[in-house]
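Bear in mind that the values here come from a model prediction, so they are computed numbers and not experimental data. Any value given below was found using the heavy atoms of this structure, including those in side chains, with hydrogens, waters and symmetry copies removed.
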Amino acid sequence: MTSAAKILVVDDEMAIRRLLRGSLTRAGLDVVEAANAREALAALSIDKPDLVLLDLGLPDRDGMELIGPIKAAKAALLVVSARDATGEKVAALDLGADDYVTKPFDTEEVLARVRVALRNRLLAENAAPLVRLGTVEIDLAARIVRRDGAQVHLSPKEYGFLAELARYPGRVVSHAAILRAVWGPGQEQAVEYLRVAARGLRRKLEDVPVEQSMIRNEPGIGYRLIT
């Protein structure tokens with residue numbers, strides 16, 4: 001993170017805003033606050049934040065309705081909400097949220113996810129077609145994957161799954177989004193396809209326990225490529 005990064009905290013609870021402001025400021029970030037949707041939309045236009053921490057339970061508008069304007073403003077988005085239902089998380093991610101943290105939260109976890117989201121935003125701006133993860137190299141332009149410098153043969157579905165995660169490193173990509181992009185419309189419920197592809201990728205790309213894999217499962221929600 002750098003001192004130039006600006007964070008917009010959108011939450012109707014003053015105590016939460018103060019807690020996040022303190023943690024983010026100590027981390028060297030510039031913080032702007034909004035207590036409702038109207039203030040948040042004004043801050044998006046005036047302050048042009050790099051990242052938004054968004055509570056969904058706002059007094060004047062459902063926070064889900066702000067995801068579109070936030071992504072249109074090209075800001076990274078981390079939802080921080082008391083809504084912990086899997087359906088809510090999946091809906092927010094499908095609409096474009098970069099990550100989702102439930103309340104009550106650990107401030108160090110929030111800071112870690114903020115760092116990842118800001119780094120991914122910078123990578124997206126630079127449109128880097130090459131993703132390196134330890135000894136694994138994913139060349140999105142050439143559609144080639146290498147491990148220790150040697151090309152790895154992947155099935156078309158395995159490559160499509162991996163490439164979809166590599167386009168958003170560190171971000172949770174929902175099951176439905178991956179299945180729609182790789183297997184096609186109408187396959188959004190075929191989660192077993194993802195389990196099979198993930199097993200194949202781990203076998204070909206890594207020699208570590210599942211819990212240490214770079215292809216991380218978020219149960220009931222989606223997958224994340226750990227950078």
Side-chain angles (χ1 to χ4, degrees), residues 1-35 40 43 49-58 63-64 66-67 70-71 75-124 131 133-134 165-175 177-178 198 208-227:
M1 292 187 292
T2 70
S3 59
K6 182 174 291 186
I7 312 298
L8 170 61
V9 177
V10 184
D11 199 299
D12 62 331
E13 295 185 55
M14 184 181 293
I16 296 293
R17 297 200 307 273
R18 285 179 174 170
L19 175 64
L20 289 171
R21 173 183 280 277
S23 298
L24 294 165
T25 301
R26 285 192 294 274
L29 295 162
D30 186 11
V31 181
V32 180
E33 296 180 27
D50 299 293
L51 180 142
V52 178
L53 294 176
L54 175 67
D55 179 30
L56 298 180
L58 301 176
M64 287 284 193
L66 298 187
I67 295 178
I70 290 169
K71 299 311 293 184
L77 172 59
L78 177 59
V79 172
V80 182
S81 175
R83 300 180 188 176
D84 59 358
T86 298
E88 294 275 3
K89 297 178 182 179
V90 171
L93 293 167
D94 276 346
L95 286 172
D98 295 284
D99 213 336
Y100 197 113
V101 176
T102 54
K103 297 178 180 177
F105 55 80
D106 180 89
T107 53
E108 289 303 315
E109 179 187 358
V110 172
L111 285 174
R113 299 201 185 200
V114 164
R115 285 193 290 269
V116 170
L118 287 173
R119 183 167 64 246
N120 291 344
R121 180 176 182 268
L122 182 61
L123 289 173
V131 179
L133 302 164
L165 297 182
R167 292 186 182 96
Y168 310 98
R171 168 179 162 181
V172 180
V173 184
S174 72
H175 293 146
I178 302 169
V208 298
V210 170
E211 61 271 15
Q212 296 176 18
S213 173
M214 65 182 181
I215 302 167
R216 197 70 53 84
N217 180 31
E218 300 285 346
I221 301 171
Y223 285 83
R224 183 199 308 263
L225 194 63
I226 302 298
T227 57

Novice: When you compare the side chain of Leu54 with that of Leu78, does any pair of heavy atoms fall below 4.5 Å?
Specialist: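 No, too far: nothing below the 4.5 Å cut-off.
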Novice: Just how far is it from atom CZ of Arg18 to atom OG1 of Thr25, taken to the nearest 0.5 Å?
Specialist: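 That separation rounds to 13.0 Å.
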Novice: Could you tell me which non-hydrogen atom of Leu51 sits nearest to which non-hydrogen atom of Ala117, and how far apart they are?
Specialist: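 Distance-wise, the nearest heavy atoms are CD1-CB, 3.4 Å.
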Novice: Quick check against the 3.5 Å criterion: does Ser23 have a side-chain atom that pairs as donor or acceptor with the backbone of Leu19?
Specialist: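 Yes, the answer is positive, given that a donor and an acceptor are paired below the 3.5 Å cut-off.
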Novice: Could you tell me whether a side-chain N or O of Asp98 sits under 3.5 Å from a main-chain N or O of Leu77, the two making a donor and an acceptor?
Specialist: yes
Novice: Please round to the nearest 0.5 Å and tell me the distance separating atom CG of Leu93 and atom OG of Ser174.
Specialist: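 Here the interatomic distance stands at 6.5 Å.
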Novice: Can you check whether Lys6 reaches Leu29 side chain to side chain, under 4.5 Å on heavy atoms?
Specialist: no
Novice: Indicate the atoms forming the closest heavy-atom contact of His175 with Asn217, along with that distance.
Specialist: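 It is NE2-OD1, 4.1 Å.
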Novice: So, Arg216 side chain and Ile226 main chain: donor-acceptor pair closer than 3.5 Å or not?
Specialist: no
Novice: When rounded to the nearest 0.5 angstrom, what is the spacing between CD1 in Ile7 and CG in Leu53?
Specialist: 6.5 Å
Novice: Check this for me, if you would: do Asp99 and Arg113 make a salt bridge, where the nitrogen-to-carboxylate-oxygen distance has to be below 4.0 angstrom?
Specialist: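 Yes, Asp99 and Arg113 are salt-bridged.
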Novice: In the structure I gave you, are the side-chain heavy atoms of Leu56 and Tyr100 within less than 4.5 Å of one another anywhere?
Specialist: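 Side-chain contact under 4.5 Å: yes.
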Novice: Could you tabulate the donor-acceptor pairs under 3.5 Å formed by side-chain atoms of residues 8-16, not counting sequence neighbours?
Specialist:
from  : atom 1 : to     : atom 2 : distance (Å)
Asp11 : OD1    : Glu13  : N      : 2.8
Asp11 : OD2    : Lys103 : NZ     : 2.7

Novice: Between Phe105 and Val101, what is the shortest heavy-atom contact and its length?
Specialist: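 Heavy atoms of Phe105 and Val101 come nearest at CB-CG1, 3.7 Å.
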Novice: Any non-hydrogen side-chain atom of Arg171 less than 4.5 Å from a side-chain atom of Arg224?
Specialist: no
Novice: How many angstroms lie between CG in Leu165 and CE in Met214, if you round to the nearest 0.5 Å?
Specialist: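 Separation between the atoms: 9.5 Å.
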Novice: Should Asp55 and Arg83 count as an ion pair when the cut-off is N to O under 4.0 Å?
Specialist: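 So Asp55 does not pair with Arg83 through a salt bridge.
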Novice: Rounded to the nearest 0.5 Å, what's the gap from NZ on Lys71 to CG on Leu66? Could you check?
Specialist: 13.0 Å
Novice: Grab the two heavy atoms, one from Pro49 and one from Ala75, that are nearest each other, plus how far apart they are.
Specialist: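 Heavy atoms only, the tightest pair is O-CB, 3.5 Å.
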Novice: Mind listing the closest non-hydrogen atom pair of Tyr223 and Ile215 along with its distance?
Specialist: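 Nearest pair, atom of Tyr223 first, then Ile215: CD2-CG2, 4.0 Å.
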Novice: Taking all atoms of both residues into account, what is the closest heavy-atom pair of Leu24 and Val31, and its distance?
Specialist: CB-CG2, 3.6 Å
